[in-house]
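Notes follow once the structure below has been shown.
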Amino acid sequence: MLQNKKFYKHALEAQRVPLSEPLAPNYIDNLHEIFFEQIFERIDYISDQVRMARAYPQFLPQVLRIWQKRWHFRIVGPNTPFLGLLDIEDYVFFMENMASRFTELHVHEDGVGSFAEFYDYIRHLCDINILRFPNVESCVLGGNPNTMVDEDIRDLTAILPNLKRLTSCMNLSGLYIRGFRKLEQLVFKSMYHSVPLDSRWIQEICLGMTQLRVLDITDSFDSCVRLHDIKLPNLEVLKINLSTVECMLSQVLQLPKLRKLAVRFDDSRQLHADQETIFQQIIVAKSESITRIALNNEVVQLPARWQHSLLLELPKLRALVCENWYHDVFFLDNRHIPCSQMKVLSFSGWETVREHQLLELVAECTQLTQLALNGYHSNSDKLHKLEQIRSMERNAKPLQVFSEVMWTQMHPNEYHYWRCNKHVQVTCDGSDYEYQEDGFEFDFV
């Protein structure tokens, strides 16, 4: 440490010596920055980092660059100690210098106090008229769902003036949400039974927040939200409960930019799902623009010959994910679906799929790129037979085969072979088959 002080002393003295010609750049300053960054990055606690930054303001640009790399988003809560900043002046210094650099904000409440109290605490003690995060476009509200109230949302609308994406796990009514003038994505994640979304405020959102592109008001139990209209000209994705959407289905299907509609059957409605006709109503109304259908037959409970009852063509259908089909009726053939244009198919959870049906299906679907198997056909023997069929297709893309169990049963060499096969490849990625498993989903062109 003494040697370091001696070096710095001589370095500073050297800077004062007049030179006949100026040096460019100043290598001594560069060395100072390098040494400071090396020391600073080895400090583990944020509180010590802040105090060092306050003590050496000449190195603040380097500090902010390091912090921005480490804290590209910030978690803010009513109890500042979880940040490690027990001193309010340290916290203010950190926030004043970093607020404009944050792009994502997590508000985590743990019962210590409401966000409004925390916001007032910062504003008054630090003499800050308003604490803003102008570059934050994404916000997640998490933690105890009962600690945040609607008034806290009102404060957040002032703190986050340019927010575009909001995900809330809190028990909120929806009041003040319209204060986010630039909001494009709004997601209410209900993880508890008491989600008090108020129909009045949600209806205002559906009529007034015309910039929204994604709206998810799905309740994981029984939704109490009842809506009569929706006018969101830019909405692309709508996720909603059956009891909420059924009274305004025609308005929903007329949304000009709608690309995905996910409908969850409320718990009480699943008991009588075979009596619901909304699934067929959507197909009738949007048959010309449907590109993907995904459903869980255990919930939707379609009749055994639902495809015959429709008597409709789906000219743009590319993906069909029908899981847990328990009828002894195989409809994945060229009599019922446009096999020549299908790219994604799934019969995960099907009770009855015969081998010749599977192989004929793959042979007819020459554009198929994603296939999910049921448990019975999840074995290497089927993969070899699928490989033989696909090898006969010219310039065909590899068929990605997904199974929840098959890859766990393979030896490492066998798994590597099927991961790199030219014609058929095993994949662990099931993202193409994700959907509202307590109901159904439609994609539109």
Side-chain angles (χ1 to χ4, degrees), residues 150 153-154 157 163-168 170-190 195-270 272-273 275-293 295 300 435-436 438-445:
D150 288 317
I153 295 295
R154 180 185 57 197
T157 61
L163 190 68
K164 291 184 178 180
R165 297 174 297 276
L166 175 63
T167 299
S168 171
M170 299 294 185
N171 286 343
L172 301 171
S173 70
L175 182 63
Y176 300 119
I177 292 293
R178 288 190 63 189
F180 295 109
R181 303 295 183 184
K182 299 183 180 181
L183 203 63
E184 297 179 359
Q185 178 175 310
L186 176 58
V187 177
F188 288 101
K189 286 188 174 294
S190 66
V195 181
L197 287 179
D198 192 306
S199 299
R200 295 173 298 170
W201 315 131
I202 302 302
Q203 184 63 82
E204 283 191 1
I205 290 172
C206 290
L207 294 177
M209 298 190 72
T210 56
Q211 72 280 12
L212 276 179
R213 294 188 300 106
V214 177
L215 177 60
D216 184 350
I217 53 175
T218 308
D219 193 315
S220 298
F221 301 92
D222 279 0
S223 177
C224 296
V225 175
R226 298 295 182 268
L227 305 176
H228 61 80
D229 199 2
I230 183 170
K231 295 179 180 178
L232 299 177
N234 295 303
L235 194 67
E236 300 174 8
V237 177
L238 177 61
K239 298 183 179 183
I240 197 168
N241 281 62
L242 175 61
S243 59
T244 304
V245 73
E246 60 185 351
C247 295
M248 59 169 187
L249 181 61
S250 61
Q251 293 94 323
V252 167
L253 297 180
Q254 292 175 21
L255 292 172
K257 294 186 178 181
L258 189 65
R259 296 295 177 264
K260 181 183 289 292
L261 175 61
V263 177
R264 182 189 185 276
F265 279 48
D266 304 70
D267 286 0
S268 59
R269 302 293 284 270
Q270 294 181 26
H272 307 286
Q275 301 175 13
E276 304 291 352
T277 60
I278 189 171
F279 183 86
Q280 288 90 335
Q281 291 173 9
I282 296 173
I283 290 185
V284 171
K286 302 285 285 186
S287 61
E288 294 296 319
S289 61
I290 294 174
T291 61
R292 176 177 179 264
I293 301 175
L295 69 128
V300 182
Y435 68 104
Q436 173 50 264
D438 288 330
F440 58 80
E441 274 187 16
F442 284 97
D443 286 7
F444 310 106
V445 66

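- Residues forming a side-chain hydrogen bond (donor to acceptor under 3.5 Å, both in side chains) with Arg178 (at least two apart in sequence, or on another chain): none.
- Contact check for Val245 versus Ile230: no side-chain heavy atoms found under the 4.5 Å cut-off.
- The side-chain contact (heavy atoms from CB on, under 4.5 Å) test applied to Gln281 returns Leu249, Thr277, Ile278, not counting sequence neighbours.
- Contact annotation: the side chain of Phe444 approaches that of Ile290 to within less than 4.5 Å [non-hydrogen atoms, C-beta and beyond].
- Within the 4.5 Å cutoff, side-chain heavy atoms of Ile177 are placed close to those of Phe188.
- Residues Met248 and Asp229 fail the side-chain proximity criterion, which asks for heavy atoms closer than 4.5 Å.
- Contacts of Phe180 classified as ring-ring contact (aromatic ring centres under 6.0 Å, His included), with partners at least two apart in sequence or in another chain: none.
- The backbone N or O of Val187 sits nowhere less than 3.5 Å from a side-chain atom of Thr167 that would complete a donor-acceptor pair.
- Judged as a side-chain hydrogen bond (donor to acceptor under 3.5 Å, both in side chains), and not counting sequence neighbours, the contacts of Lys257 are Asn234.
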Only pairs under 3.5 Å count here: list side-chain donor-acceptor contacts from residues 206-213, not counting sequence neighbours, and write none if there are none.
unit_1, atom_1, unit_2, atom_2, d
Gln211, NE2, Arg181, O, 2.8
Gln211, NE2, Leu183, O, 3.3
Arg213, NE, Glu184, OE1, 3.2
Arg213, NH2, Glu184, OE1, 3.4

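- Distance check, rounded to the nearest 0.5 Å: CD1 of Ile205 to CG of Leu197 gives 8.0 Å.
- Here Ser173 pairs with Asp150, Leu175, Asp198, Trp201 under the side-chain contact (heavy atoms from CB on, under 4.5 Å) rule; sequence neighbours left out.
- Panel note: side chain Gln251, backbone His228; a donor-acceptor pair is recorded below 3.5 Å.
- Between the side chains of Asn241 and Asp219, no donor-acceptor pair is found at a separation under 3.5 Å.
- A distance-only check finds no donor-acceptor pair linking the side chain of Asp266 to the backbone of Ser268 [under 3.5 Å].
- In terms of modelled atom types and a separation under 3.5 Å, the side chain of Gln270 and the main chain of Phe265 share a donor-acceptor contact.
- Classification of the Phe279-Phe442 ring pair by plane angle, with boundaries at 30° and 60°, yields tilted.
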